[in-house]
Enquirer: 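I'd like to ask you about the structure that follows.
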Amino acid sequence: MAKQQYSTRLISLFAAPVAALSLFTPAMGQSALQPELTAVNYNPPNRGAPSHTRNALSRAGLCGDLTAVQPTQTNWGETLAARPTFGIYVNAPATHLTFELKDESSGEILHQANFEQIAGPGISLYTLPDTAPALEVNRPYRWQVSLECEQFSTVQVPQRGMRTSDGMIVRRAPGDELQTALAATSDNEKPSLLAANGLWYDTVDALLTWRLTFPETDTWTAQWQSLLTHPMVQLDHLMEATPIDCCLAADCPHTDAELDLSTSL
């Protein structure tokens, strides 16, 4: 399959870290009662990371910090979405960032997007567009972000550098029990249900969407930090994220993005 490529802008959501997709659809700024979140206890999938997997946290240096928001100890995350959303963290404003989605088996680039600017410090969001291929169930994919940046040699001569960070993603089809539970679960309980079923990307999305909808919820910070400090995640440097207005692009928030709960490939 030929790769899809285009240039666009990322959606910057956080002044200091994070990611999202969209599992529920209440409007931002909605004034309503703010129920407390149910405790989020992430249950990682019982799958070993591929032998050549790299840590999702790229090395910091003169190019700055670039992080694919992904469990760092397994480099593996799961989703129910055909076109999920990915979180990309930079510790300072950056330019010339490239996103790629690859077939893990063949290495074929299935989709590529180039960004001239990305806000920072913070996490920006990128959702696979309709022009990108839908993820197939149980098929592993690798996503990678690359950041071109200027660095200096020991004699202060400007040079071009490159920073990369990557992760694995696999789409799952929900069983009947999970499908029924998702349909019956309230929004404040959904992050807990998703986390208990090992759905990393969907848990992150649900938590961040909740924070944008109910900014005064007292329990949000505790649940978010609990997720990031899980022994298999270890994204402690992203804990102090504070959501800001995310609508730097016309399609934010992704209120029309829904999980594909079909069990067919």
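Computed over heavy atoms, backbone and side chain alike; hydrogens, waters and symmetry mates excluded.
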Enquirer: When rounded to the nearest 0.5 angstrom, what distance separates CD in Gln144 from CG in Leu101?
Expert: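 It is 11.0 Å, given to the nearest 0.5 Å.
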Enquirer: Check side-chain contact (heavy atoms from CB on, under 4.5 Å) between Thr219 and all other residues, then give those that pass, not counting sequence neighbours.
Expert: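 Glu36, Leu37, Thr217.
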Enquirer: Which heavy atom of Val69 sits nearest a heavy atom of Trp143, and at what distance?
Expert: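 Scanning both residues completely, I find the closest heavy atoms to be N-CH2, 3.9 Å.
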Enquirer: Working to the nearest 0.5 Å, report the span between CG of Leu110 and CG of Leu128.
Expert: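 So the CG of Leu110 and the CG of Leu128 are separated by 10.0 Å.
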Enquirer: Within the 4.5 Å heavy-atom criterion, are Leu194 and Leu182 side-chain neighbours or not?
Expert: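 Yes, at least one pair of side-chain atoms sits under 4.5 Å.
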Enquirer: Quick one: which of Leu228, Leu235, Val233 gives a side-chain contact (heavy atoms from CB on, under 4.5 Å) with Pro71?
Expert: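 Passing option: Val233.
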Enquirer: Would you say the side-chain atoms of Ser165 pair up with the backbone N or O of Ala68, donor to acceptor, closer than 3.5 Å?
Expert: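 Yes, because the side chain of Ser165 sits within donor-acceptor range (under 3.5 Å) of the backbone of Ala68.
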Enquirer: Strictly distance-based, threshold 3.5 Å: is any side-chain N or O of Asp65 a donor or acceptor partner for the main-chain N or O of Asn91?
Expert: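 Absent.
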Enquirer: Considering all heavy atoms of both residues, which atom of Val137 and which atom of Ala173 are nearest to each other, and what is their separation?
Expert: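 For Val137 versus Ala173, the nearest heavy atoms are CG1-N, 3.7 Å.
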Enquirer: Name all residues meeting the side-chain contact (heavy atoms from CB on, under 4.5 Å) criterion together with Ala39; count only those two or more places apart in sequence or in a different chain, and write none if there are none.
Expert: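 Only Asn41, Gln223 meet the side-chain contact (heavy atoms from CB on, under 4.5 Å) criterion with Ala39.
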Enquirer: As an exercise, state the distance from OH of Tyr141 to NE2 of His111, rounded to the nearest 0.5 Å.
Expert: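 With rounding to 0.5 Å, OH (Tyr141) is 13.0 Å from NE2 (His111).
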Enquirer: Report yes if the side chains of Leu227 and Trp224 come closer than 4.5 Å at any heavy-atom pair, otherwise no.
Expert: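 Leu227 vs Trp224: side chains touch.
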Enquirer: Rounded to the nearest 0.5 Å, what's the gap from OG on Ser124 to CD on Gln117? Could you check?
Expert: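 Result: 11.5 Å between the selected atoms.
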Enquirer: What is the minimum heavy-atom distance between Leu193 and Asn197, and which atoms define it?
Expert: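 Reported closest heavy-atom pair: O-ND2, 2.9 Å.
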Enquirer: Over all heavy atoms of both residues, which pair between Ala81 and Pro84 is shortest? Give the atoms and the distance, please.
Expert: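 Ala81 and Pro84 have their closest heavy atoms at O-CD, 3.8 Å.
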Enquirer: With side-chain contact (heavy atoms from CB on, under 4.5 Å) as the test, would you mind laying out the steps for Phe115 and Phe99 before giving the verdict?
Expert: CA-CA 8 Å; Phe115 305 95; Phe99 172 96; 4.0 Å; yes
Enquirer: If we only count heavy atoms from C-beta on, is the His230 to Pro44 side-chain gap below 4.5 Å?
Expert: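 His230 reaches Pro44 side chain to side chain.
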Enquirer: Is a side-chain donor or acceptor of Arg171 paired with a backbone partner of Glu136 at a separation under 3.5 angstrom?
Expert: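 Checking the backbone N and O of Glu136 against the side chain of Arg171, no donor-acceptor pair under 3.5 Å is found.
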Enquirer: For Trp200 and Gly77, which heavy atoms make the closest approach, and how far apart are they?
Expert: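 For Trp200 and Gly77, the tightest heavy-atom pair comes out as CB-CA, 4.0 Å.
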Enquirer: Would the distance check show the side chain of Arg142 and the main-chain N or O of Asp166 forming a donor-acceptor pair, the cut-off being under 3.5 Å?
Expert: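 Absent.
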Enquirer: Just checking, is any N or O donor in the side chain of Glu100 or Thr98 under 3.5 Å from an acceptor N or O on the other one?
Expert: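 No donor-acceptor contact under 3.5 Å links the two side chains.
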Enquirer: Check whether Tyr42 reaches the backbone of Ser226 with its side chain - one donor and one acceptor, N or O, closer than 3.5 Å.
Expert: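 Side chain of Tyr42 to backbone of Ser226, a donor-acceptor pair under 3.5 Å: no, none is there.
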Enquirer: Please name all residues satisfying side-chain hydrogen bond (donor to acceptor under 3.5 Å, both in side chains) with Thr38, sequence neighbours left out, ordered by chain then number.
Expert: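 Listed in chain order: nothing, the list is empty.
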Enquirer: In chain order, what residues pass the side-chain hydrogen bond (donor to acceptor under 3.5 Å, both in side chains) check against Glu78, with sequence neighbours excluded?
Expert: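 If we apply the side-chain hydrogen bond (donor to acceptor under 3.5 Å, both in side chains) test to Glu78, skipping adjacent residues, the hits are Arg47, Trp76, Arg172.
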Enquirer: What residues form a side-chain contact (heavy atoms from CB on, under 4.5 Å) with Ser105, not counting sequence neighbours?
Expert: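 Asp103.
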Enquirer: What do the steps show when you test Trp220 against Leu207 for side-chain contact (heavy atoms from CB on, under 4.5 Å), and what is the final call?
Expert: CA-CA 8 Å; Trp220 183 86; Leu207 279 173; 4.1 Å; yes
Enquirer: How close do Pro140 and Met168 get, counting heavy atoms only, and between which atoms?
Expert: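 Taking Pro140 first and Met168 second, the nearest heavy atoms are CB-CE, 3.7 Å.
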Enquirer: Under the 3.5 angstrom rule, does the side chain of Arg163 hit a backbone N or O of Leu66 as a donor-acceptor pair?
Expert: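 Pair absent, no side-chain N/O of Arg163 close to backbone of Leu66.
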Enquirer: Using modelled atom types and a 3.5 Å cut-off, is there a donor and acceptor pairing between side-chain atoms of Gln225 and backbone atoms of Ala222?
Expert: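 Answer holds: no.
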Enquirer: Quick check for you: to the nearest 0.5 Å, what is the distance between Leu97 atom CG and Leu147 atom CG?
Expert: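 The distance works out to 5.5 Å.
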Enquirer: Rounded at 0.5 Å granularity, tell me how far CG in Asp205 sits from CG in Leu80.
Expert: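 Rounded to the nearest 0.5 Å, the CG-CG separation comes out at 11.0 Å.
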Enquirer: If you apply the rule side-chain contact (heavy atoms from CB on, under 4.5 Å), what do you find for Ile169 with Phe86, and how did you get there?
Expert: CA-CA 10 Å; Ile169 184 168; Phe86 302 86; 3.8 Å; yes
Enquirer: For Thr229, which residues count as a side-chain contact (heavy atoms from CB on, under 4.5 Å) partner, sequence neighbours excluded?
Expert: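 With neighbours one apart ignored, the set is Asp236, Met239.
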